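Everything below concerns the one structure shown next.
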Amino acid sequence: MGQRLFQNAASFLRKPGLLPGLLLTALLAFTARLLAGVPGLGVLGPLVLAILLGMAYRELRGGVPQAASAGIAFSSRQLLRLGIILLGMRLNLMDIAKAGPQVLLIDAIHIAVTIPVVFWIATKLGAGRNLGMLTACGTAICGAAAVAAISPQLKARHEETAVAAAVVAILGTIFTVAYTLLYPVLQLGTLGYGAWAGSTLHEVAHVLAAAAPMGREALDMAILVKLARVAMLVPVALLLGVWAQRAARGRRMAAGENGEAVQGNLKREPIPVPWFIFGFLAMSGVNTLGVVPQSVADGMVAAAYLLIAMAMAGLGLGVDFRVFRRLGGKVFLAGLAGSIVLAVLGLFLVKAFGLAG
């Protein structure tokens with residue numbers, strides 16, 4: 001049995017273009033991980049650094065080696081899904097339940113408000129539906145990981161996914177610095193500040209960077225609230241699958257296609273279900289039950305971030321800087337407006353729900 005598995009793996013890796021592409025994305029991911037430890041770069045996080053490294057490699061080399069294309073595509077799709085599944089080992093569902101309905105309600109309100117606000121502004125600016133929705137979800141839920149998880153639901157292009165993830169990360173970095181500067185004048189206690197940072201900042205790395213200077217209590221609360229937002233990725237992804245299908249139907253009918261034919265085609269076409277998201281939820285359940293030693297769970301989370309970083313590197317390799325300059329400005333403005341709304345709303349809700357002390 002073991003020998004057969006080894007033979008199948010060896011045969012798989014011999015596919016043309018697969019191994020060189022995997023090695024390239026792995027090298028970029030490891031480099032991003034090292035750079036994330038450099039003071040000043042850590043706030044960006046390894047996922048965003050992997051995207052930027054991929055874009056820089058493509059720009060400096062004048063393109064991507066054809067011999068590596070299969071491995072790059074494999075990293076961007078299959079490794080991404082596997083990484084998101086393993087990332088579920090970071091969540092303990094009991095901790096989220098113990099946080100109480102207030103935390104979950106605050107996160108739900110933020111997501112329900114931020115996604116339509118950012119999407120509306122992005123589409124008004126002409127950024128495009130997919131790019132607008134990816135930026136909205138990254139802003140509202142959990143940064144690059146949310147962008148990557150939502151992308152298959154929307155059938156977004158690689159360049160749209162990479163641009164949205166990079167824009168959200170840049171905005172998150174700006175707001176992380178702003179939060180630490182504003183803390184002395186906000187009249188929030190350490191727990192209140194942690195709840196505000198966890199419920200409004202974009203990436204997990206941003207939450208850690210903003211809350212850590214305020215002490216252990218602020219950091220623990222921030223992580224808890226942030227992970228509750230991450231858990232909401234599952235229902236949001238399912239709802240967006242339905243939304244994307246209905247939007248496609250509307251566009252086809254608006255283009256003059258026969259209404260009955262469109263309805264018949266859509267009945268035969270199932271609603272896209274992100275099965276890897278259920279894997280993410282299952283891993284969260286395993287972690288909650290405590291059947292896996294903590295050291296193993298930590299190793300799986302580390303592996304998850306490596307795989308997602310490889311996927312992000314693959315996405316970056318598919319983005320031309322000219323495309324980023326063309327598309328990035330519009331969604332940056334939309335994300336900026338949404339981030340301001342999120343921060344102000346979050347501050348109000350933390351105080352309204354009695355978490356400010």
Side-chain angles (χ1 to χ4, degrees), residues 18-38 40-61 64 68-91 134 137-138 141-152 156 158-170 172-173 202-209 226-227 230 233 276-277 279-280 283 297-319 324:
L18 185 67
L19 188 57
L22 289 175
L23 290 175
L24 176 58
T25 56
L27 176 62
L28 292 173
F30 275 116
T31 305
R33 181 68 181 172
L34 293 174
L35 289 175
V38 175
L41 292 179
V43 71
L44 284 174
L47 302 187
V48 175
L49 289 171
I51 290 178
L52 297 177
L53 285 174
M55 293 171 62
Y57 179 93
R58 177 190 175 101
E59 188 72 12
L60 293 173
R61 197 182 184 280
V64 177
S69 58
I72 293 170
F74 185 83
S75 295
S76 302
R77 297 187 182 97
Q78 281 74 18
L79 291 189
L80 171 62
R81 288 160 172 75
L82 178 57
I84 290 173
I85 289 170
L86 293 178
L87 193 61
M89 291 300 293
R90 186 182 182 120
L91 274 181
L134 289 173
C137 290
I141 307 173
C142 55
V147 172
I150 297 298
S151 178
H158 283 188
E159 63 184 25
E160 292 173 327
T161 305
V163 168
V167 165
V168 169
I170 292 168
T173 302
H202 306 59
E203 299 271 359
V204 174
H206 297 144
V207 172
L208 295 174
K226 180 62 177 178
L227 291 182
V230 174
L233 182 59
F276 62 94
I277 291 291
F280 168 88
M283 287 293 100
D298 291 342
M300 293 173 73
V301 171
Y305 276 110
L306 173 61
L307 293 175
I308 297 174
M310 290 176 66
M312 295 294 104
L315 292 173
L317 288 166
V319 177
F324 184 82

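Counting begins at 1 with the first residue of the sequence. As the structure is a prediction and not an experimental result, all values here were calculated from the model.
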Distance in Å, [X] [atom1] paired with [Y] [atom2], rounded so as to fall on 0.5 Å steps:
X	Y	atom1	atom2	answer
L23	L28	CG	CG	11.0 Å
L53	L317	CG	CG	9.5 Å
I72	L18	CD1	CG	11.0 Å

Worksheet item: Does V147 have any side-chain contact (heavy atoms from CB on, under 4.5 Å) partners at least two apart in sequence or in another chain, and if so, which?
Response: L134, T161, A164, A165
Which pair of heavy atoms, one from [X] and one from [Y], lies closest together, and at what distance?
X	Y	value
A297	M89	CB-CE, 3.7 Å
M283	I85	CG-O, 3.0 Å
A146	I141	CB-CB, 4.0 Å

Scan the side chains in residues 29-37 for donor-acceptor partners under 3.5 Å anywhere in the protein, sequence neighbours excluded, and list what turns up.
unit_1: T31; atom_1: OG1; unit_2: L27; atom_2: O; d: 2.7

Solution key, residues 300-313 side-chain donor-acceptor pairs under 3.5 Å, sequence neighbours excluded:
unit_1: Y305; atom_1: OH; unit_2: R90; atom_2: NH1; d: 3.2

